[in-house]
Asker: 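Take a look at the following structure, please.
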Amino acid sequence: MKTPTIKTTHDAFLKAACDELGYDEITFELLLTASREMRIELPLRKDDGSVVVYNGYRIQHHNARGPYKGGLRFHPSINAEESRGLACLMTLKTALVDIPLGGAKGGIDCDPLTLSPRELETLTRKFVQKIHREIGPSLDIPAPDVGTNAQIMAWIQDEYSKIYGYSPAVVTGKPLATGGSQGREDATGLGVSIVMEEFAKHLDESLLDKTVAIQGFGNVGKFAALALADKGMRIIGLSDVRGAITNSHGFDIQQVVQHVNKAGTVAGMEHAEPIDGAALLELDCDYLIPAALGGVIHKENVERVRARVVVEAANGPVTHAAEEVLTNRGVYVLPDILVNAGGVTVSYYEWVQNLQHMSWDLDAVRDRLRETLVTASQRVLSEVTSSQCSLRKAAYRIATERVKDALFTAGF
Ligand code: NAD
């Protein structure tokens, strides 16, 4: 028997959960390794007549609890290894919030910003032509991720529908015009605030007037900031790829959004002190929300993190080694598989609406999102209390056990 190699932070978290649950090496291997991995050659004739060959990937991790589900990234750095770790994370995330879906990830190693709209559309359609047999409403349902958007999902839906007939449920994160769901755009950021509120209740506190710093002001960071400001939190630090700012009195987030819409960055905001991007993670605050990249809190900078609670809105922002240091210091880490699960939860609602040929209004989507995330948060917090373990361990235990149960109950 070969021992599976632990390559990513998530592999290490999964291994720890399996060890604590007393699973043997075979079970760990079955939970870690992907069911199927695809690499697809994608030659593209560019507008200038030259040909560039891209690689497309789709890693289908597990479908024991439902069809594979996960995003497509268009980014030059995407490869099979990165997709593998993220696909596994999706399997755990869907299990933790108890929606009937599995986990997958993939994408194309292109830089979408350097492609013309025609090139981007052609490349996307070519990808579907090559993988259409392996995706579908009851097989594998892609969604937007870094570098992809609702328009790209509409092209995927259209190309797939040419072969199989009208099939909106083949992708989620679509535009409303082609069967998208109300409330998908801000679902992840809103979800971050719902999970934080449940956690604060667990500490017998409220979020009102607590200070928060957020790294990343994209889809997740911006909508989390808006939702947290609504709850009366003081957002004292913000950053994006072009700059970082602080204001000890707290920002008016609506004004920041207006500034970013004009300037394209939080940098240059009025009544704000510019700071170094790295210093944002070291601000003295109650809650620190990394909402941009993976691996940003690591063993070199973890000692300088001063927040009481780190909220993983991005996927994998705290490394395994850094988490150990934080936990030993009594800093809480709210884990990504719970914190940012709002996005896939509303993707699930979009899929359900498409399968039922119905559409729900915004209140119906938000009410269900709240119910799902509150239930999952309370389940994790009760496991923390009963097992006296970290939030990550509790979340991984619950998710891992659900996937393993489905896998072994179905049989081989
Ligand atoms: P996005 O592209 O919309 O925004 C990313 C933000 O991070 C931008 O503001 C960008 O400027 C900023 N950023 C990039 N590099 C930075 C750096 N070095 N320092 C500071 N800021 C930096 O992406 P997003 O959709 O908001 O996703 C952010 C993270 O959340 C990713 O890890 C993603 O995988 C994860 N996530 C997103 C969703 C979703 O629904 N969008 C769901 C689950 C998880």
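Both ligands and their constituent atoms are indexed starting at 1 by order of listing.
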Asker: Just jot down the ligand 1 atoms closer than 4.0 angstrom to any heavy atom of Arg184, in number order.
Answerer: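 Going through ligand 1 atom by atom, the ones under 4.0 Å from Arg184 are 40 (O).
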Asker: Is at least one protein non-hydrogen atom found at under 4.0 angstrom from atom 2 (O) of ligand 1?
Answerer: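 So far as the 4.0 Å threshold goes, atom 2 (O) of ligand 1 is out of reach of every protein heavy atom.
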Asker: Check if Ala313 has a non-hydrogen atom at a distance under 4.0 Å from any atom of ligand 1.
Answerer: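 Judged by the 4.0 Å heavy-atom criterion, Ala313 does count as contacting ligand 1.
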Asker: In terms of atom number and element, which parts of ligand 1 are under 4.0 angstrom from non-hydrogen atoms of Asn340?
Answerer: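 Reading through ligand 1 atom by atom, the close ones are 43 (C), 44 (C).
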Asker: Can you sort out which atoms of ligand 1 are near Ser239, meaning under 4.0 Å from one of its heavy atoms?
Answerer: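 With Ser239 as reference, the close atoms of ligand 1 come out as 20 (C).
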Asker: What protein heavy atom is closest to atom 31 (C) of ligand 1, reported as residue, atom name and distance in Å?
Answerer: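 For this ligand atom, the closest protein heavy atom is Ala292 O, 3.4 Å.
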Asker: Does Thr148 reach the main-chain N or O of Leu72 with its side chain, forming a donor-acceptor pair under 3.5 Å?
Answerer: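 Answer holds: yes.
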Asker: Under a 4.0 Å threshold between the charged nitrogen and the carboxylate oxygen, would Arg397 count as salt-bridged to Glu20?
Answerer: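 Judged by the 4.0 Å cut-off on N to carboxylate O distance, Glu20 and Arg397 do form a salt bridge.
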Asker: Does NZ or CZ of Lys210 lie under 6.0 Å from the centre of the six-membered ring of Tyr287, at an angle within 45° of the ring axis?
Answerer: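 No; the conditions do not both hold, so Lys210 does not lie above the ring face of Tyr287.
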Asker: For the atom pair CG (Asn247) and CD1 (Ile275), what is the distance rounded to the nearest 0.5 Å?
Answerer: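 Between Asn247 CG and Ile275 CD1, I get 11.0 Å after rounding to 0.5 Å.
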Asker: One residue to check: Arg73. Relative to ligand 1, which of side chain, backbone, both or neither has a non-hydrogen atom less than 4.0 Å away?
Answerer: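 The part of Arg73 near ligand 1 is the side chain, not the backbone.
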Asker: Taking distance alone, with no angle check, do Asn315 and ligand 1 share an N/O pair under 3.5 Å?
Answerer: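 Right, the criterion is met.
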Asker: With a 4.0 Å cut-off, would you call Asp19 and Lys15 a salt bridge?
Answerer: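 Between Lys15 and Asp19 there is a salt bridge, with a charged N closer than 4.0 Å to a carboxylate O.
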Asker: Under 3.5 Å between some N or O of ligand 1 and some N or O of Val220?
Answerer: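 Yes, since at least one N or O of Val220 sits under 3.5 Å from an N or O of ligand 1.
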Asker: Give the contacting part of Val344 toward ligand 1: side chain, backbone, both or neither, where contact means a heavy-atom distance below 4.0 Å.
Answerer: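 Answer for Val344: neither.
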Asker: Less than 6.0 angstrom separating the ring centers of His320 and Phe13, yes or no?
Answerer: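 Ring centres of Phe13 and His320 closer than 6.0 Å.
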Asker: Would you indicate whether the side-chain heavy atoms of Ile236 and Asp284 approach each other to under 4.5 Å?
Answerer: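 No; the side chains remain at least 4.5 Å from each other.
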Asker: Are any of the N or O atoms of Phe217 closer than 3.5 Å to those of ligand 1?
Answerer: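 Checking ligand 1 against Phe217, an N or O pair does fall under 3.5 Å apart.
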Asker: Could you tell me whether Lys93 and ligand 1 have an N or O pair separated by under 3.5 Å?
Answerer: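 N/O-N/O distance below 3.5 Å does not exist for this pair.
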Asker: Quick one: nearest non-hydrogen protein atom to atom 40 (O) of ligand 1, plus distance?
Answerer: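 For atom 40 (O) of ligand 1, the nearest protein heavy atom is Thr188 OG1, 2.6 Å.
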Asker: Of Leu190, Val311, Ile253, Ile289, which meets side chain to side chain contact (heavy atoms under 4.5 Å, CB included) against Leu228?
Answerer: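 Running side chain to side chain contact (heavy atoms under 4.5 Å, CB included) over Leu190, Val311, Ile253, Ile289 with Leu228 returns exactly one hit, Ile289.
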Asker: Is the shortest distance from a Lys or Arg side-chain nitrogen in Asp158 or Arg125 to a carboxylate oxygen in the other one below 4.0 Å?
Answerer: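 Salt bridge flag = yes for Arg125 with Asp158.
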Asker: With a cut-off of under 6.0 Å to the ring centre and 45° to the axis, is Lys404 in cation-pi contact with Phe408?
Answerer: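 Pair Lys404/Phe408 counts as cation-pi.
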Asker: Which part of Pro144 is near ligand 1, with near meaning a heavy atom under 4.0 Å away: side chain, backbone, both or neither?
Answerer: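 Looking at Pro144 and ligand 1, no heavy atom falls under 4.0 Å.
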Asker: I want to confirm something. Looking only at heavy atoms, which of Leu86, Asn149, Val241, Thr265 is nearest to atom 13 (N) of ligand 1?
Answerer: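 The residue whose heavy atom sits nearest atom 13 (N) of ligand 1 is Val241.
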Asker: I want to confirm something. Looking only at heavy atoms, which of Ala314, Ala244, Gly191 is nearest to atom 30 (O) of ligand 1?
Answerer: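 Checking each option, the heavy atom nearest atom 30 (O) of ligand 1 is found in Ala314.
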Asker: Does Arg308 make a cation-pi contact with Tyr332 (under 6.0 Å, within 45 degrees of the axis)?
Answerer: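 Negative - Arg308 is either too far from the ring of Tyr332 or too far off its axis.
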Asker: Among Arg65, Lys93, Lys69, His62, which one satisfies side chain to side chain contact (heavy atoms under 4.5 Å, CB included) with Leu101?
Answerer: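 Of the listed residues Arg65, Lys93, Lys69, His62, the side chain to side chain contact (heavy atoms under 4.5 Å, CB included) partner of Leu101 is Lys69.
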Asker: For atom 25 (O) of ligand 1, what is the closest protein heavy atom, and at what distance to 0.1 Å?
Answerer: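 So the nearest neighbour among protein heavy atoms is Asn219 CB, 3.6 Å.
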Asker: What's the shortest distance from atom 6 (C) of ligand 1 to any protein heavy atom, and which residue and atom give it?
Answerer: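 Closest protein heavy atom to atom 6 (C) of ligand 1: Gly218 N, 3.7 Å.
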Asker: For atom 23 (O) of ligand 1, is there a protein heavy atom at a distance under 4.0 Å?
Answerer: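 Within 4.0 Å of atom 23 (O) of ligand 1, no protein heavy atoms are found.
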Asker: Could you list which atoms of ligand 1 come closer than 4.0 Å to a heavy atom of Leu293?
Answerer: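 Those qualifying, in numeric order: 15 (N), 16 (C), 17 (C), 18 (N).
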Asker: Applying a strict 4.0 Å limit to heavy atoms, is His75 in contact with ligand 1?
Answerer: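 The answer is no: ligand 1 sits nowhere under 4.0 Å from a heavy atom of His75.
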Asker: Identify, for atom 21 (N) of ligand 1, the protein heavy atom at the shortest distance, and state residue, atom and that distance.
Answerer: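 I find the closest protein heavy atom is Asp240 C, 3.2 Å.
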Asker: For the rings on His271 and Phe251, is their centre-to-centre separation under 6.0 Å?
Answerer: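 Distance test on ring centres: not under 6.0 Å, no.
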Asker: Please state which protein non-hydrogen atom is closest to atom 28 (C) of ligand 1 and give its distance, to 0.1 Å?
Answerer: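 Checked against all protein heavy atoms, atom 28 (C) of ligand 1 sits closest to Ala291 O, 3.4 Å.
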Asker: Is the charged tip of Arg368 near the ring of Trp360: under 6.0 Å from the six-membered ring centre and within 45° of its axis?
Answerer: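 Yes - Arg368 lies over the ring of Trp360, closer than 6.0 Å to its centre and within 45° of its axis.
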